[in-house]
Amino acid sequence: MTLLEWFDKGFTYDEYKEQMKVNLAEMNSVYEQFALNESARAELQALKDVASKAIVLTEDWCGDALMNNPILMKIAKELEIEVHFVLRDSNLELMDQYLTNGTARSIPIFIFIDDKGNEKAVWGPRAPEAQSFVDDLREKLPSKDAVDFQERQKEMYKQIKQTYLADQELWHAVRPA
């Protein structure tokens with residue numbers, strides 16, 4: 001399939017939200033609270049005519065998506081980019097073309113295309129600042145064979161989610177390349 005065909009196959013933002021079973025309230029919360037500041041608006045103007053569409057590879061259970069997707073929607077509104085959402089788990093053919101570090105099916109991935117379907121930019125799954133935050137937390141986990149590893153990992157995911165819902169500095173780090 002071409003990127004335009006993948007785009008056409010995807011959900012609009014409203015359709016994506018209608019099918020969500022996890023993180024809808026959290027995603028809406030970020031969307032309602034986030035606003036582009038003037039410096040972000042100015043920085044984004046350089047991208048104004050680069051792409052007209054974006055494909056978002058995502059899933060509703062993904063913590064990174066609950067923060068990044070609503071911010072992308074604000075950016076897309078500013079840049080007048082049409083966005084469609086494609087579910088990763090049922091579209092591995094597309095996902096496997098955008099593996100993180102060549103191996104990981106990390107999401108969300110934003111694929112920016114022009115009207116002809118030419119790829120113009122790819123962003124995701126995390127801004128460097130968010131990656132650093134997650135890496136710092138991971139370093140504090142015990143080894144995977146430790147008795148309390150799973151419990152501590154769940155605590156870490158909870159902390160990531162809480163931070164993603166509140167840390168506006170991280171929100172402003174989300175920018176298409």
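Just so you know, these numbers use all the heavy atoms, side chains as well, and skip hydrogens, waters and symmetry mates. The model shown is predicted, which means the values in this text are computed figures rather than measured ones.
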| query | Does a side-chain N-to-carboxylate-O contact under 4.0 Å join Lys48 and Glu80? | reply | yes

| request: Taking only Lys NZ, Arg NE, NH1 and NH2, and the carboxylate oxygens of Asp or Glu, determine whether Glu151 and Lys154 approach each other closer than 4.0 Å. | output: no

| query | Using 30° and 60° as the class limits, which term best fits the ring planes of Phe133 and Tyr164: parallel, tilted or perpendicular? | reply | tilted

Quick one: [atom1] on [X] to [atom2] on [Y], what's the gap to the nearest 0.5 Å?
X      : Y     : atom1 : atom2 : value
Asn91  : Lys9  : CG    : NZ    : 4.0 Å
Met73  : Met27 : CE    : CE    : 8.5 Å
Leu87  : Phe11 : CG    : CZ    : 5.0 Å
Met1   : Trp6  : CE    : CH2   : 5.0 Å
Gln168 : Ile71 : CD    : CD1   : 9.0 Å
Phe110 : Ile55 : CZ    : CD1   : 12.5 Å

| request: Could you check Leu57 against Val86 for side-chain contact (heavy atoms from CB on, under 4.5 Å), going step by step and ending with a plain yes or no? | output: CA-CA 5 Å; Leu57 278 160; Val86 174; 4.1 Å; yes

Is there a donor-acceptor pair under 3.5 Å between the side chain of [X] and the backbone N or O of [Y]?
X      : Y      : result
Asp148 : Arg152 : no
Gln131 : Ala127 : no
Glu43  : Ala40  : no
Gln19  : Tyr16  : yes
Trp123 : Arg175 : yes
Glu119 : Ile111 : no
Thr163 : Gln159 : yes
Glu26  : Leu66  : no
Glu78  : Ile75  : no

| task | May I have the step-by-step check of side-chain hydrogen bond (donor to acceptor under 3.5 Å, both in side chains) for Asp64 and Asn68, ending in yes or no? | result | CA-CA 6 Å; Asp64 289 301; Asn68 293 328; 4.7 Å; no

If we only count heavy atoms from C-beta on, is the [X] to [Y] side-chain gap below 4.5 Å?
X      : Y      : result
Pro125 : Ile107 : no
Val56  : Val83  : yes
Leu94  : Arg88  : no
Ile81  : Phe112 : yes
Asn118 : Ile113 : no

Closest approach of [X] and [Y], non-hydrogen atoms and distance?
X      : Y      : answer
Leu165 : Trp171 : O-CZ2, 3.2 Å
Pro108 : Thr58  : CB-OG1, 4.3 Å
Ser106 : Thr100 : CB-OG1, 3.4 Å
Ile109 : Met95  : CG1-CE, 4.1 Å
Val50  : Asp114 : O-CB, 4.4 Å
Leu170 : Met67  : CB-SD, 4.1 Å

| task | Using salt bridge (Lys or Arg N to Asp or Glu O under 4.0 Å) as the criterion, list what pairs up with Asp96, not counting sequence neighbours. | result | Arg105

Taking atom types as modelled and ignoring hydrogens, do the side chains of [X] and [Y] form a donor-acceptor contact shorter than 3.5 angstrom?
X      : Y      : value
Asn28  : Glu32  : no
Asp115 : Ser52  : yes
Asn101 : Thr103 : no

| request: Would you check, one step at a time, whether the test side-chain hydrogen bond (donor to acceptor under 3.5 Å, both in side chains) holds for Ser39 with Asn37? | output: CA-CA 6 Å; Ser39 67; Asn37 58 34; 3.0 Å; yes

| Under 6.0 Å between ring centres, would you say that holds for His172 and Phe34? | yes

| query | Going hydrophobic residue to hydrophobic residue with side-chain gaps under 4.5 angstrom, can you get from Leu92 over to Trp61? | reply | yes

| said: Whether Lys53 engages the ring of Phe7 as a cation-pi pair (distance to the six-membered ring centre under 6.0 angstrom, angle to the ring normal within 45°) should be assessed. | reply: yes

| request: List the steps and the verdict of salt bridge (Lys or Arg N to Asp or Glu O under 4.0 Å) for Glu155 and Lys158. | output: CA-CA 5 Å; Glu155 290 171 10; Lys158 184 178 178 181; over 6 Å; no

| message | Is there a side-chain contact (heavy atoms from CB on, under 4.5 Å) between Lys17 and Asp14? Walk through the geometry before answering. | response | CA-CA 5 Å; Lys17 291 190 302 182; Asp14 287 337; 3.7 Å; yes

